[in-house]
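All ligand and atom numbering here is 1-based and tracks the order in the structure.
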Amino acid sequence: MLPAVRRNPTGVFMDAARRYGEVVYFRIGPRRGYLVTNPADVRHVLQDNARNYHKSPLYDKLRVLLGNGLLTSEGDFWLRQRRIAQPAFHRQRIAALAGVMADAAREAAARWEALASAGRPVVDVDEEMMRLTRTVVLRTLLGAELGPFAEQVDGAWKILNEHIGESFWSFGLTDWWPSARMRRFKSARAVLRGAVEHVIADRRRHASDSADLLSMLMAARDEETGEGMTDEQLRVEVMTFLLAGQETTSLALTWIWYLLSQNPPAQRRLERELDAVLDGRPPDYADLVNLPYTRMVIDEAMRLYPPAWGFSREALAEDRVSGFRVRRGWLVFVIPYVLHRLPAFWENPDVFDPERFAPERTAARPKFVYLPFGAGPRQCIGNQFALIEAHLILATLAQRYRLHLVPGHRVDAWPLITLRPRFGMPMVVERRQKLQ
Ligand code: HEM
C-alpha cells in the first residue's frame, strides 16, 4: 500500500472511498487505520472526540522543520499558543491589514502591466501568487520585507517545500540517513531560521507600535498565567505562519486562475460583478461584502483543489467510527479532496460551478463535507485572513486582467503536503476591457 499511496495518494484514497464506502481500513507501511468519509465520523474525530486524537506521526516532518508550534504541538502547550495567537486573527484585526493586502495585489498588477507593455505577457502564475502571498504574510506578520535575506529565503523555501512534500509519506524511514538531500534540507532550514531570527532581534531592538501580527504575538500574554512568548517560541510561530500562511493561499489562487481560464461563463460572471461593483476603482475591505460571486469562485476552487488536500490523526485510546473499532495508535485519515467530490453530496462533482456556494445551497448541505480549513479545535487559525486576502487579490487582478493557460501546457494536481500544479502554471496575461 505504501508505494501506491506515495505515488498517487489522492487517487488511492478516491478509489478506496468509491469502492469500499464510508469507512475504509488501511495498512500503510507499518501503520494501520481508516479513511473516513461519513460526515458524522469526520465530526466525531475532528470535533466531538478531538481530545482522543493527536496529529499523526506524518506531522513529524513539519516538526523537524518548524519546531513545536501551533501547527505541530498538542495538549496544554498547543492550547496556550492558540490562546496567545488567537486575538491577532480576530476579523477586525485582519480587516485592518486589508490595505496591506490590497497594496501587494496592486504591485503585482503593476508588474503584469509592465510585462504586457513589453509584449512578454506570460507569467508563471504559481510563482507570481507565491511571491504575492509571501509579501502579504511578511508585511502583515513581520511588518517587514526580508531585504538582503529575500533571495536566499526564496531558494530555501523551494528546497524545504519539496523535501517535506516528497518525504511526507515515508514515516521517518529515511530521515536519519545523512544523504545530500538531508544536508540540503538542513542548510535551507538554517537560512530560514536565520532570517526569522534576524527579524525578531531587530524588532526587539526597535520596539514598534505597529499593528502587525508579530507585535501582537510579542505583546500577547496568556490570559491565565500572564506569560508571553520566548524568542525561541516566537521563531517557531513566525516560521509556522510563514509556511502555513503563504503556500496554501497562493495555491488556492493559482487553481482559481486555472479554473477560470477553463470556464469562460464563470469568468465572465465574475468580471461583470467586479465591473458593476467597483466601476474601475481598486477594491478595499468594505467592498468584499458586495462581491459575493467572487467569494463563491474561491470556495468552489478550494472544493475541487483544496490546498490542504488531506490530514490525519492518531488515536490516543480505543474508539469507534461507524461501529468499527479504532485501536490505540491507529490512524484516521480525513481527506478533503475526497469529501469534496463525493457524489452523495455534490452533484456532478468534477464540474466547476461556483453557484454551489450560493447561501441557500450551502445551508442545505450537511456540515463536515466541505473542509478546506479543517474543523474542530485544530481548525485553521488563518482562515479569515486567507479568505479576505484571496478575495482582495482576486478582485484586484481579475478586474484588470484575464489569464489564459499557455496552449498545450499539461496541468496535473500534485499532492505533496499541499496540492500543487506539478508542472507549474504558465499563463498569458490579457488586459481586459470593461464588460458591458
Ligand atoms: C487558503 C489558505 C489556507 C488553507 C487551505 C489552510 C488550511 C489549513 C488546514 C486544513 C489546517 C488544519 C490542519 C489539520 O487539522 O491537521 C490549518 C491549520 C493552520 N493554519 Fe491554515 N490554511 C490556510 C491559510 C492560513 C493562513 C493565511 C495562516 C496564517 C497566517 C494559517 C495558519 C495556520 C495555522 C497556524 C494552523 C494550525 C492551527 C492549530 O492547530 O491550532 N493558515 N490550515
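- Every residue was checked against the side chain to side chain donor-acceptor pair (under 3.5 Å) condition with T10, not counting sequence neighbours, and none meets it.
- Protein heavy atom closest to atom 30 (C) of ligand 1, with residue, atom name and distance, is F89 CE2, 3.8 Å.
- Looking at atom 38 (C) of ligand 1, its nearest protein heavy atom turns out to be R82 NH1, 3.4 Å.
- Counting only distances under 2.8 Å, and ignoring water, the protein N, O or S atoms around atom 21 (Fe) of ligand 1 are C380 SG.
- Among all protein heavy atoms, the one lying closest to atom 5 (C) of ligand 1 is P372 O, 3.4 Å.
- Side-chain N/O atoms of E389 and T133 include no donor and acceptor closer than 3.5 Å.
- Residue contacts with ligand 1, taken as heavy atom pairs separated by less than 4.0 Å, do not involve E389 at all.
- Using 4.0 Å as the threshold, V137 has no heavy atom nearer than that to any atom of ligand 1.
- In this structure, CE in M229 is found 10.5 Å from CE in M218, a value given to the nearest 0.5 Å.
- Side-chain polar atoms of D319 and Y53 form a donor-acceptor pair below 3.5 angstrom.
- Contact detail for I94 and M101: the closest heavy-atom pair is CG2-CE, 4.1 Å.
- Considering every non-hydrogen atom in both R80 and G228, the closest pair reads NH2-O, 3.1 Å.
- To the nearest 0.5 Å, the span separating CD on E237 from OG on S73 amounts to 7.0 Å.
- Among all non-hydrogen protein atoms, the one lying nearest atom 16 (O) of ligand 1 is Y59 OH, 2.4 Å.
- Within the listing of ligand 1, atoms 35 (C), 39 (C), 40 (O), 41 (O) sit less than 4.0 angstrom from a heavy atom of L70.
- Close contacts between ligand 1 and R313 involve ligand atoms 14 (C), 15 (O), 16 (O) [criterion: under 4.0 Å to a heavy atom].
- In summary, the side chains of Y370 and R303 do not present any donor paired with an acceptor at a separation below 3.5 Å, with no hydrogens or angles considered.
- In terms of heavy-atom proximity, H44 sits nearest to R320 at NE2-O, 3.7 Å.
- Proximity of a side-chain donor or acceptor of H340 to a complementary backbone N or O of L371 within less than 3.5 Å is detected.
- Checked by atom type, the side-chain pair D126/T254 shows no donor-acceptor distance below 3.5 Å.
- Considering only non-hydrogen protein atoms, atom 12 (C) of ligand 1 sits nearest to R378 O, 3.5 Å.
- In the vicinity of F241, heavy-atom distances shorter than 4.0 Å reach the ligand 1 atoms 29 (C), 35 (C).
- Within ligand 1, counting atoms from 1 as listed, the ones closer than 4.0 Å to a heavy atom of W78 are 39 (C), 40 (O), 41 (O).
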